[in-house]
Structures are given as C-alpha cells and as structure tokens.
Amino acid sequence: MNRTTRSLCSLTLVALLAILLGGCAKDAAQSTNARNGVGLYNIGDYAQAAATFKPESQKKDENFVLNNCRLGSAALAAGQTEEAENAFMNVYEVVNGVKTNDTGRTLGATVVFEGIKVWKGEPFERAMAHYYLGVTFLMKNDYENARSAFQNSLFKLREYAKESKEKKEGNPADEYKQFESNFALGYFGLAFSYQRLNKSELAEANYKLALEKDPRLADLIAAVQKPGVNTLLFVDAFTGPQKSPKGWYNEESAFGPTPAEAGELPPVSVTLNGQPLTAETQRYALVDTLAMAQDQQWQDIDTIRKTKAVIGTGTMAAGGAMMGYGAARGDPRIALAGLGVTALGALISASSQADLRYWETLPRTVYCIPATLAPGESEIAVTLPGASNSATLKITPKPSGDNVLYFRLR
C-alpha cells in the first residue's frame, strides 16, 4: 500500500478507538455517584447512601428505575419510610408502563448498546421492588395499597425453549410457556394484607399458596395468624446476586454466586426484652434471591447480543481477508474496503456487550418474624450468624394497627 492508503488506515483505526473509548468513558462518568452510593450502603451508612442516590434518582434517563431501587433500599434501611415509598412508587409506575422502552429507544439498544434501554430489571428484581412497595404501605397500615403492591409482585413467569428441538422457525425468544409465580414472599404479603382487611377466605387461599411454594413456611404462617399478633419484623440479610459478563465480547451475563457457593441461610435470632422470639427449628426466611437469579423463569432472555457478536466476528474475518487480498494484489481500494469492513465488524462486536446493570443493594434473603408487643416500651434485638452487624430497637407499640419494623443486616 502507498503512503496515502496507510495514512487513511491509521486514521480509521484511531477514529474507531476514539469511539470505543469515548463510549466507555461516558458510561463510567454516569455511574460515579451510583458507585459511591453503593459503597456507602455496603458499609452501613444508609442515610448518606440515600442522600447520594437522591439526585441520581431524579434524572429521567435509562437508569431512572435502577436509581430509584437503590434509593428505596437505602431510605428504607435509614428509616426514611416516606422517601422509600416514593422511590418504589416511581419504580412501580415505570415498570408497569407500556411505553417506557419506545420504538426509538429499543432500536438504539438493538443497533448500538443494550444499556440505552430504560432498565426495568430482571423479573426477580421487579418482584422484589413490588414487595418493598408493599412493605412501605404495611408500615402505614395501608392494607389496601399493600395488597395491590403484593398482588403486582405475582406476575406470570416465562420459561423459554432451551433445546433446539423445542424451537420452531422464528425468534426463539418468542417461544415460551407461562407459569404462575412461585414467589412465596409475595403470596405471604398478599395473604397478610387480606387478613388485615378482614377478607379471611382470600387470606387463607394465599397463605395456602405461599405454603405450596415453600412448605418450610408452615411455622411462620401459623404464628402470624395467632390472636394478639401486632408486630411484624422484616429483616433483610446478606448480599444479593451480582451480575458479571460472559463470552468473547462480554455479550452474555450471568448472576452469581449460586446458593451452594454462598452456603445455607442461617437461622435468625430475635429477642424481645431479652426473651427469644425465634427457634432454630422454625423457618422465617421467605426468599433466596441467589436461587431466583439462577432460575430461568426469573430471568429475561435476549438473543440479540449473541447474534451481534457472531455477526461482528464474521464481518471482521471477511474484512481481514479483503485486506490481505488487496495487499497481495497491490490494490489499495480493496485493502481500504477490507479495513472498513473490519472496522464495522469490530464496532458490531463491541456493541454486543451485555447490559451489566443490576440492583446491587438487594439482600440475599428476607426474614419475617411476628411478635406480640405489650403496652409500654419494648426492646427488640436481631442477630444473625455470619452477619457483620446486629440491630437493636426500642419501640412503644401503637395503640391500634400493626407495628411493621425493618432491619438490615449485612
């Protein structure tokens, strides 16, 4: 190739590198506050984490839902119930909107990068967001709105065809079976809301469904229906699933660790005025988000990224062949055309990177412990093997209505 051809090749490669690096820099700049907030949350500075997430949560961008999930988690742990309710209500409104990812935005995600899409989370993340909204309503003894939130956490799940013999012509992502939700936590919250609304038949039906989904909840369901129970303790514990890239071009993503890698959930210990409320033989954990993240029914499927990675690799190979042919024939036009095809293939492959956004402040599990508080001040202490902190709260119960308390153990 002559000097002009080599110069054009160099300029093209520099421009391509600038595009790729520019996109990475932009993404990093947008996530700085979020990373700081997550760091504060992880060390237990929940009030400061909420303050850090707050301005991010007000931006009407593709991370609006995610930042409100983060804010809701931090606000709830900081005792800012109203702030948490507003954050999770924002999540509810967008997640249940039908035009959030409109045609233009979705097309951009298909052609450029999936992160352009408004993040709505995996199905298990959406179910947990609805659950937390329900908890904020329970704290206000607003059982009708709590019922609605828990009901919306129980959307139908999809199981997609896995084996090629199960797939027909067309898009495999469109081939699925629908299943009723197995979200025991949602059924439990719904049943409790119906119980407080004096709709005993509906309460009993949903307690039965919760028990079908997780038979280990028998002790909890029996205890919460005892006369005199006026307190529910919700205890979030440990760290939820984390998303990481997979594939040659990070075109896929995977959640980890698995429940087996993290170990079994330990029994929670709660005392009321020094007297134990729990026993090791009882089951109080209503969910394991690590298990949900591994369950295909609780995940979305997207074959676009994998397709783009394959196309990009093929395009780069074709471009390389053209460049070699042009060089061998001494034809700079063919060599330049090959360079252009190679650059296009590189861009397609680079844009196939998976969307690695996820709700970092989710817990691994939620414990729920019912209690009966007598009039006057009481002290509640919560401890958990393996947790880096414990929690103690002094409370004077309401004269009427439930006392719904929230604890976060790390």
Side-chain angles (χ1 to χ4, degrees), residues 20 22-42 49-50 52-74 87-88 90-97 100-102 104-130 132 173 239-247 249-257 289-290 292-296 298-306 308-309 350-364:
L20 294 176
C24 295
K26 181 180 178 183
D27 181 65
Q30 288 175 335
S31 60
T32 300
N33 282 344
R35 286 199 301 271
N36 290 340
V38 171
L40 290 165
Y41 183 91
N42 288 337
T52 304
F53 289 136
K54 178 71 173 179
E56 296 297 306
S57 72
Q58 296 174 335
K59 296 177 182 178
K60 302 297 177 66
D61 59 14
E62 63 272 14
N63 293 317
F64 179 78
V65 171
L66 179 54
N67 283 323
N68 274 276
C69 283
R70 292 163 170 161
L71 172 59
S73 292
F88 286 120
N90 286 337
V91 173
Y92 174 89
E93 290 176 349
V94 175
V95 164
N96 293 289
T100 303
N101 284 311
D102 58 24
R105 187 179 288 273
T106 303
L107 178 62
T110 303
V111 176
V112 185
F113 172 54
E114 196 181 21
I116 292 175
K117 276 187 177 181
V118 172
W119 184 92
K120 288 189 175 184
E122 299 287 340
F124 75 88
E125 292 169 308
R126 298 198 291 270
M128 290 297 293
H130 285 93
Y132 282 117
T239 302
Q242 303 169 57
K243 188 184 276 190
S244 57
K246 287 177 60 180
Y249 304 102
N250 295 337
E251 74 274 11
E252 297 181 80
S253 60
F255 280 100
T289 58
L290 298 187
M292 293 176 75
Q294 299 299 316
D295 188 341
Q296 188 192 49
W298 283 106
Q299 299 176 16
D300 283 324
I301 189 169
D302 187 352
T303 58
I304 295 175
R305 294 189 301 269
K306 192 178 296 186
K308 287 199 298 185
S351 71
S352 70
Q353 293 182 19
D355 184 356
L356 298 178
R357 294 173 295 177
Y358 69 99
W359 188 356
E360 308 95 331
T361 53
L362 267 183
R364 178 182 176 182

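Computed from a predicted model, the values in this text were never measured in an experiment.
The CZ atom of Arg35 sits 9.5 Å away from atom CG of Asn33, with the distance rounded to the nearest 0.5 Å. Tyr41 OH to Arg70 CZ: the interatomic distance, rounded to the nearest 0.5 Å, is 12.5 Å. Of the inter-residue distances, the one linking Asn67 atom CG with Gln58 atom CD reads 10.5 Å to the nearest 0.5 angstrom. Separating the CG atom in Leu71 from the CG atom in Leu66 is a distance of 11.5 Å, to the nearest 0.5 Å.
Counting heavy atoms from C-beta outward, Glu62 and Trp119 have side chains that stay 4.5 Å or more apart. Residues Gln294 and Leu290 are not in side-chain contact: their nearest non-hydrogen atoms beyond the backbone lie 4.5 Å or more apart. With contacts defined as side-chain heavy-atom distances shorter than 4.5 Å, the pair Ser73/Trp359 qualifies. Counting heavy atoms from C-beta on, the side chains of Asn96 and His130 come closer than 4.5 Å. Between Glu122 and Trp298, the closest side-chain pair of non-hydrogen atoms is not below 4.5 Å. Looking at Cys69 and Thr361, their side chains never come closer than 4.5 Å, going by heavy atoms from C-beta outward.
Shortest non-hydrogen contact noted between Val65 and Val91 is O-CG2, 3.7 Å. For the residue pair Ser253 and Leu356, the shortest heavy atom distance occurs at CB-CD2, 3.8 Å. Nearest heavy atom pair, residue Thr289 against residue Pro241, reads OG1-CD, 3.2 Å. For Gln242 against Thr239, the heavy-atom pair with the smallest separation is NE2-CG2, 4.1 Å. In terms of heavy-atom proximity, Ala87 sits nearest to Asn68 at CB-O, 3.4 Å.
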request  = Apply side chain to side chain contact (heavy atoms under 4.5 Å, CB included) to Phe53 and Val38, showing your working.
outcome  = CA-CA 9 Å; Phe53 289 136; Val38 171; 4.0 Å; yes

query = When you look at Asn63 and Arg357, which way does the side chain to side chain contact (heavy atoms under 4.5 Å, CB included) test go after all the steps?
reply = CA-CA 9 Å; Asn63 293 317; Arg357 294 173 295 177; 2.8 Å; yes

ask   = Yes or no on side chain to side chain contact (heavy atoms under 4.5 Å, CB included) for Asn90 and Phe64, after CA distance, side-chain angles and deciding distance?
value = CA-CA 9 Å; Asn90 286 337; Phe64 179 78; 3.9 Å; yes

query = side chain to side chain contact (heavy atoms under 4.5 Å, CB included) between Phe124 and Leu362: does it pass, once the steps are laid out?
reply = CA-CA 11 Å; Phe124 75 88; Leu362 267 183; 4.0 Å; yes

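Using modelled atom types, one side-chain atom of Gln299 and one backbone atom of Ala293 make a donor-acceptor pair closer than 3.5 Å.
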